[in-house]
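Ligands are counted one by one from 1 in listed order, and the atoms in each one are counted from 1 as well.
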Amino acid sequence: MGHYLVTGGAGFIASHIADRLVREGHQVRIFDNLSTGHRRNLEAIGGSFEFIEGDVRDQSAVRAAAQDCEVIFHQAALASVPLSIKDPVQVHDVCATGTLNVLTAARDQGVRRVVYAASSSAYGDRPEMPKRESHTLQTLSPYAAAKLAGEFYCESFAHCYDVETVRLRYFNVFGPRQDPKSPYSAVIPLFVTALLEGRTPTIFGDGSQSRDFVYVGNVVQANLKAAFTPDVSSRVYNVASGERVGVAEMLKQICDILDVPFAPEFAPPRVGDVLHSWADISETQRDLGYAPEISFFEALKITVEAYRDSLSSNCLV
Ligand code: UD1
């Protein structure tokens, strides 16, 4: 039985993927440079696995990590629109060149399939809703451009070489272990930890912008299905809940769960922000048998509890 390599495995989403694979008894290898990932996420994984500290920009390190692997879950990235606006070259190197390195290593090491963490940012701000995989793309940030470059490399490798690739366009993923402490953290951990610590959350814009928030457990399910479903090589699938919620509305729901008043600060909209993001998940459901297992509100409650527990035990999720 081959190994399963999870790049970025000390990060938020990838550590949940690795956790599931380990629990199912697979041989798991994690590759991470611990720049945005954390050892505490590795410690949360329920079983044994191999850990290689390395960087996806280092071609020979990636090649070594891919040895004897059957599937690579390529999740390593610098996942931030604002960071990409500040430092587009670094985000390109990690997200685009890093993906090319992973694909080259997969080709050279005879890996059967690469599952690539693509991004809903590829849809930009075009008016068609909900977003279907076939919609015209629009790159409004260097982050979107770099993740899309990775997609194009995936498609080309499936065409040119004997390596299967499946791309999963993640929408706004949330759940336990999502880092709340970086200036580039995602909105849900920022809002939840602000409220738990008695600080005022900030809404950029008027809060009417909307997102399709998807619980990390659903993203894990999509990854496993993408790895094992036959005849889906070179395809791309949305991974989302198929429902959208406004940012202000989402904050109200968190306030309800925590039983605190809704009293945010408002700041100007962020550069590069898209207004609305909402996925059509029918192709993912049809081809991969993907079925979100948990509703937004239930997942929000689980996530809030996880942050509350970790703050009260004085360590981060
Ligand atoms: C974007 C991408 C997503 C990508 C992610 C990586 C889109 C639609 N999505 O997410 O695919 O994986 O970047 O980071 O392009 N906000 C506030 N207050 C805050 C923080 C954020 O109001 O304190 C707002 C933002 O302005 C935005 C929304 O919340 O409108 C979501 O922001 P964020 O969580 O950073 O993710 P996106 O930028 O949507």
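Both the sub-6.0 Å distance and the 45° axial angle are satisfied by Arg107 relative to the ring of Tyr161. By the 6.0 Å and 45° rule, Lys252 stacks over the aromatic ring of Phe262.
Listed by atom number, the atoms of ligand 1 under 4.0 Å from Ala79 heavy atoms are 6 (C), 14 (O). Proximity to Gln209 (heavy-atom distance under 4.0 Å) selects the following atoms of ligand 1: 24 (C), 26 (O), 30 (O). Heavy-atom contacts of Ile203 reach the following atoms of ligand 1: 22 (O) (cutoff under 4.0 Å). Atoms of ligand 1 lying under 4.0 Å from at least one heavy atom of Leu190, given by number and element, are 20 (C), 23 (O). If you number the atoms of ligand 1 from 1 as listed, the ones under 4.0 Å from a heavy atom of Tyr143 come out as 4 (C), 12 (O). Listed by number with element, the atoms of ligand 1 under 4.0 angstrom from any heavy atom of Val274 are 8 (C). Contact atoms of ligand 1 toward Tyr170: 11 (O) (distance under 4.0 Å to a heavy atom of the residue). Of all atoms in ligand 1, listed by their number and element, those nearer than 4.0 Å to a heavy atom of Ala186 are 34 (O).
For the residue pair Arg244 and Ser210, the shortest heavy atom distance occurs at CD-OG, 3.6 Å. Taking every heavy atom of both residues into account, Arg29 and Cys69 meet most closely at NH1-SG, 3.8 Å. Here the closest heavy-atom approach between residue Leu258 and residue Val304 is recorded as CD2-CG1, 3.5 Å. Across all their heavy atoms, Leu5 and Phe31 have their closest contact at CD1-CB, 3.9 Å.
Comparing Leu83, Asp273, Val271, Asp212 against atom 25 (C) of ligand 1, the shortest heavy-atom distance belongs to Asp273. Nearest-heavy-atom check against atom 9 (N) of ligand 1 across Ala117, Ser120, Pro269 picks out Ser120. When Leu140, Val81, Val187 are ranked by how near their heavy atoms come to atom 20 (C) of ligand 1, first place goes to Val187. Which of Asn172, Asp125, Ile13 comes nearest to atom 10 (O) of ligand 1 through a heavy atom is settled by distance: it is Asn172. If you check each of Phe171, Phe174, Tyr184, Phe204 against atom 17 (C) of ligand 1, the one with the closest non-hydrogen atom is Phe204.
In this structure, atom 2 (C) of ligand 1 lies nearest to the protein heavy atom Ser121 CB, 4.1 Å. Nearest protein heavy-atom neighbour of atom 32 (O) of ligand 1: Arg270 NH2, 3.4 Å. The nearest heavy-atom contact from the protein to atom 39 (O) of ligand 1 is Arg211 NE, 2.5 Å. Closest to atom 11 (O) of ligand 1 among all protein heavy atoms lies Ser119 OG, 2.8 Å.
Among the atoms of Thr202, some N or O lies under 3.5 angstrom from an N or O of ligand 1. Considering both main-chain and side-chain atoms, Val247 never comes within under 3.5 Å of ligand 1 through any nitrogen or oxygen pair.
A perpendicular orientation is assigned to the rings of His135 and Tyr123, their planes being inclined by more than 60° (bins at 30° and 60°). Taking the six-membered ring for Trp and thresholds of 30 and 60 degrees, Phe213 and Phe296 have nearly parallel ring planes, at less than 30 degrees apart.
Under the 4.0 angstrom criterion for non-hydrogen atoms, Tyr123 is not in contact with ligand 1.
Of the possible donor and acceptor atoms, none in the side chain of Asn238 sits under 3.5 Å from a partner among the backbone N and O of Ala240.
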- Item | Steps toward salt bridge (charged side-chain N to carboxylate O under 4.0 Å, His left out) verdict (Glu133, Arg169) | CA-CA 9 Å; Glu133 291 84 348; Arg169 280 189 193 141; over 6 Å; no
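Taking a cutoff of 4.0 Å between a charged side-chain nitrogen and a carboxylate oxygen, Arg39 and Glu53 qualify as a salt bridge.
With Phe73 as the partner, the side chain to side chain contact (heavy atoms under 4.5 Å, CB included) test is satisfied by one option alone out of Thr7, Leu224, Val28: Leu224.
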